[in-house]
Amino acid sequence: MSMQIGIGFLGAGTVGGTLIRRLIFESDAIVAKTGLQLVVEGIAVRDVRKARGFDLPPELLTDRPQRVVDNPNVQIVVEVMGGLDPAGPLVRRALESGKAVVTANKELMAAMGSELLGAAESAGVSLLFEAAVGGGIPIIRPLSESLAGERISSVLGIVNGTTNYILTEMVENGASYEDVLAEAQQLGYAEADPTADVGGADAASKAAILASLAFGMWVDGDQVPREGIDGIEAVDFHYAKQLGYTPKLLAIAEDAPEGIAVRVHPTLVPLDHPLASVRGATNAVYVSGPSIGELLFTGPGAGGEPTATALLGDLITSARERLARTQVSSRIRFGRGRLMNPADMTTKGFLRMTVVDRPGVLARIAAVFGKHQVSIKSVWQEGRADEATLLIVTHESREGDLQATAADLGRLDVVSEVGTVLRVHSDEP
Ligand code: NAP
Ligand code: HSE
């Protein structure tokens, strides 16, 4: 015998449309595996006339999302419309009226997660968000349940599929940024506004969520310093390779003695590091702790199908909780803690600059590094007539000191341009 649960959708785009199609056309398989009949009772979209690639009973569609939330047959709301408004008020309304919510919206969770999880707990319902980070990779539940007892020291990795796809295509195939971004949009990887991907905001939301779960202290998305891949120039790919690195957009969250350090930035990774071979829209997240050592979670990080699988898992958990009249999955506690000042975070740096090629120049440049206590690890120079490209990789230093060094170098009369400042991730000292 199967148990029936009514599901309402806020959104039916790349992710929502894929899940709706699976709930409708694969319902027998879901019933056979779980005993649950997940019945789509309503779907809110912006344009009810838009073609969705498969037939939908027109009576299910509405352009008034509140109708889905208020539909008495809907017991679980799936929020896949994206953004903060109207998604936030709709999710709050659903929770306050006793409905469970499943969402893929990392922007919403990073901005309002603490408040919405509180609303879920007060109402005794669950708010699940496995699909918000890492697409099809289970990472939220491992962090909040399986690893709840571990003293996690760091979470680090590639959490944005679009930018990893773009970087892979540009580095390996010399594709143009514009062409490959358009491809990522077509493949359903990118956000509705892809500047959230390329500018680092999407990865920053995910970093905030991961840090909150890992360290038990709520981190808002807008507290995470971020740089995107939009500042990297094609010439940097060439020079990075020359030095044995490849660029990746990394989200890094660490439990440091001075506080929790969270940030997102393009980072040069050694070509022989496992993250260097994470290609396309694949995501990969390392979780480290004293008892577990290092765990690696990797898999498809974006796209309709993998994300729908993560949502479906949450939907099944939520439906089971409802039928058992229990709710355990939203009971995450967030205590107080200190976020580290971005300038105090430490990093290894890579600086590319164009310099005048004459005696004494290197000494003047080295003096600037020395003044800011930034130790140089390696120097590589390529000369052209009276100018040269100089690449400098540093040892670990304060972010603030690295930036001050770059700013001072830019003021030297022998430096015509400080082209790029990137961070370097390597296990070497
Ligand atoms: P999408 O393709 O743009 O779909 C958004 C859906 O929401 C569309 O059906 C749209 O209606 C509907 N919608 C938007 N605003 C609405 C409003 N004000 N009222 C009613 N309907 C509204 O986006 P998506 O790629 O599926 O992403 C959805 C969410 O999942 C986002 O939070 C995203 O960050 C997250 N996510 C996406 C991926 C991915 O790989 N794409 C992976 C993980 C998480 P119309 O169809 O009529 O325009
Ligand atoms: N736009 C996001 C990405 C979707 O490219 O990673 C998955 O969260």
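Order of listing sets the numbers, starting from 1, for every ligand and every atom in it. What you see below is based on every heavy atom in this structure, not just the backbone, and it leaves out hydrogens, waters and symmetry mates.
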Best match, Asp202, Leu84, Thr307: closest heavy atom to atom 42 (C) of ligand 1: Thr307
Proximal candidate to atom 32 (O) of ligand 1 [heavy atom criterion; set Gly82, Ala51, Ala132]: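 Among Gly82, Ala51, Ala132, the closest heavy atom to atom 32 (O) of ligand 1 belongs to Gly82.
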Specify the protein heavy atom at minimum distance from [atom]: its residue, its atom name, and the distance to 0.1 Å.
atom: atom 11 (O) of ligand 1; result: Arg46 N, 3.0 Å
atom: atom 25 (O) of ligand 1; result: Thr14 CB, 3.5 Å
atom: atom 28 (C) of ligand 1; result: Val80 O, 3.2 Å
atom: atom 3 (O) of ligand 1; result: Ala192 CB, 4.2 Å
atom: atom 13 (N) of ligand 1; result: Met81 CB, 3.9 Å
atom: atom 26 (O) of ligand 1; result: Val15 N, 2.9 Å
atom: atom 12 (C) of ligand 1; result: Gly11 CA, 3.8 Å
atom: atom 35 (C) of ligand 1; result: Ala104 O, 3.2 Å

Just by distance, no angles: are the side chains of [X] and [Y] close enough, under 3.5 Å, to form a donor-acceptor pair?
X: Thr267; Y: His265; result: yes
X: Thr420; Y: Asp236; result: yes
X: Arg423; Y: Thr347; result: no

Numbered atoms of ligand 1 (with element) below 4.0 Å of Pro86, judged on heavy atoms: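 Selected atoms, number and element: 18 (N).
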For Asp47, the ligand 1 atoms whose distance to one of its heavy atoms is below 4.0 Å: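 Those of ligand 1 that fall under 4.0 Å from Asp47 are 47 (O).
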Between [X] and [Y], does any side-chain N to carboxylate O distance fall below 4.0 Å?
X: Lys106; Y: Glu191; value: yes
X: Arg398; Y: Asp401; value: yes
X: Arg92; Y: Glu115; value: yes
X: Glu169; Y: Arg279; value: no
X: Lys377; Y: Glu396; value: no

CA sep, side-chain torsions, deciding dist, call: Leu351, Leu402, side-chain contact (heavy atoms from CB on, under 4.5 Å): CA-CA 9 Å; Leu351 292 93; Leu402 186 67; 3.9 Å; yes
Backbone or side-chain N or O of [X] under 3.5 Å from ligand 1 N or O:
X: Lys106; answer: yes
X: Gly303; answer: yes
X: Ala131; answer: no
X: Gly188; answer: yes
X: Gly13; answer: yes

Under-4.0 Å protein heavy-atom contact, atom 23 (O) of ligand 1: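 Given the 4.0 Å cut-off, atom 23 (O) of ligand 1 does not count as touching protein heavy atoms.
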Any donor-acceptor pair under 3.5 Å from Glu79 side chain to Leu10 backbone: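 A pair under 3.5 Å: no.
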Gly135 heavy atom under 4.0 Å from ligand 1: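 Checking ligand 1 against Gly135, which is what was asked, there is no heavy-atom contact under 4.0 Å.
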Sub-4.0 Å heavy-atom approach of Arg52 to ligand 1: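 Heavy atoms of Arg52 do come under 4.0 Å of ligand 1.
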Dump all N/O pairs between ligand 2 and the protein below 3.5 Å as a table: atom names plus distance, one pair per row.
unit_1, atom_1, unit_2, atom_2, d
ligand 2, 1 (N), Tyr189, O, 2.7
ligand 2, 1 (N), Glu191, OE2, 2.7
ligand 2, 1 (N), Asp197, OD1, 2.7
ligand 2, 5 (O), Gly161, N, 3.3
ligand 2, 5 (O), Thr162, N, 2.8
ligand 2, 5 (O), Thr162, OG1, 2.6
ligand 2, 5 (O), Tyr189, O, 3.0
ligand 2, 5 (O), Asp197, OD1, 3.4
ligand 2, 6 (O), Asn160, ND2, 3.4
ligand 2, 6 (O), Gly161, N, 2.7
ligand 2, 6 (O), Lys206, NZ, 3.0
ligand 2, 8 (O), Lys106, NZ, 2.7
ligand 2, 8 (O), Lys206, NZ, 2.7

Worked check of side chain to side chain donor-acceptor pair (under 3.5 Å) between Glu321 and Ser126: CA-CA 8 Å; Glu321 284 186 351; Ser126 57; 3.2 Å; yes
Worked verdict on Tyr189 versus Glu183 for side chain to side chain donor-acceptor pair (under 3.5 Å): CA-CA 9 Å; Tyr189 301 152; Glu183 252 178 60; over 6 Å; no
Identify each donor-acceptor pair in which a side-chain atom of residues 30-46 lies under 3.5 Å from a protein atom, sequence neighbours left out, and give them as a table.
unit_1, atom_1, unit_2, atom_2, d
Thr34, OG1, Ile30, O, 2.7
Thr34, OG1, Leu36, N, 3.0
Gln37, OE1, Ser2, OG, 3.3

pair Arg22-Thr309: side-chain heavy atoms closer than 4.5 Å: yes
4.5 Å side-chain heavy-atom contact, Thr298 and Thr282: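 Yes, side chains in contact.
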Check against side-chain contact (heavy atoms from CB on, under 4.5 Å), Phe129 and Val101: CA-CA 9 Å; Phe129 49 100; Val101 174; over 6 Å; no
Glu191, portion touching ligand 1 at heavy-atom distance under 4.0 Å: side chain
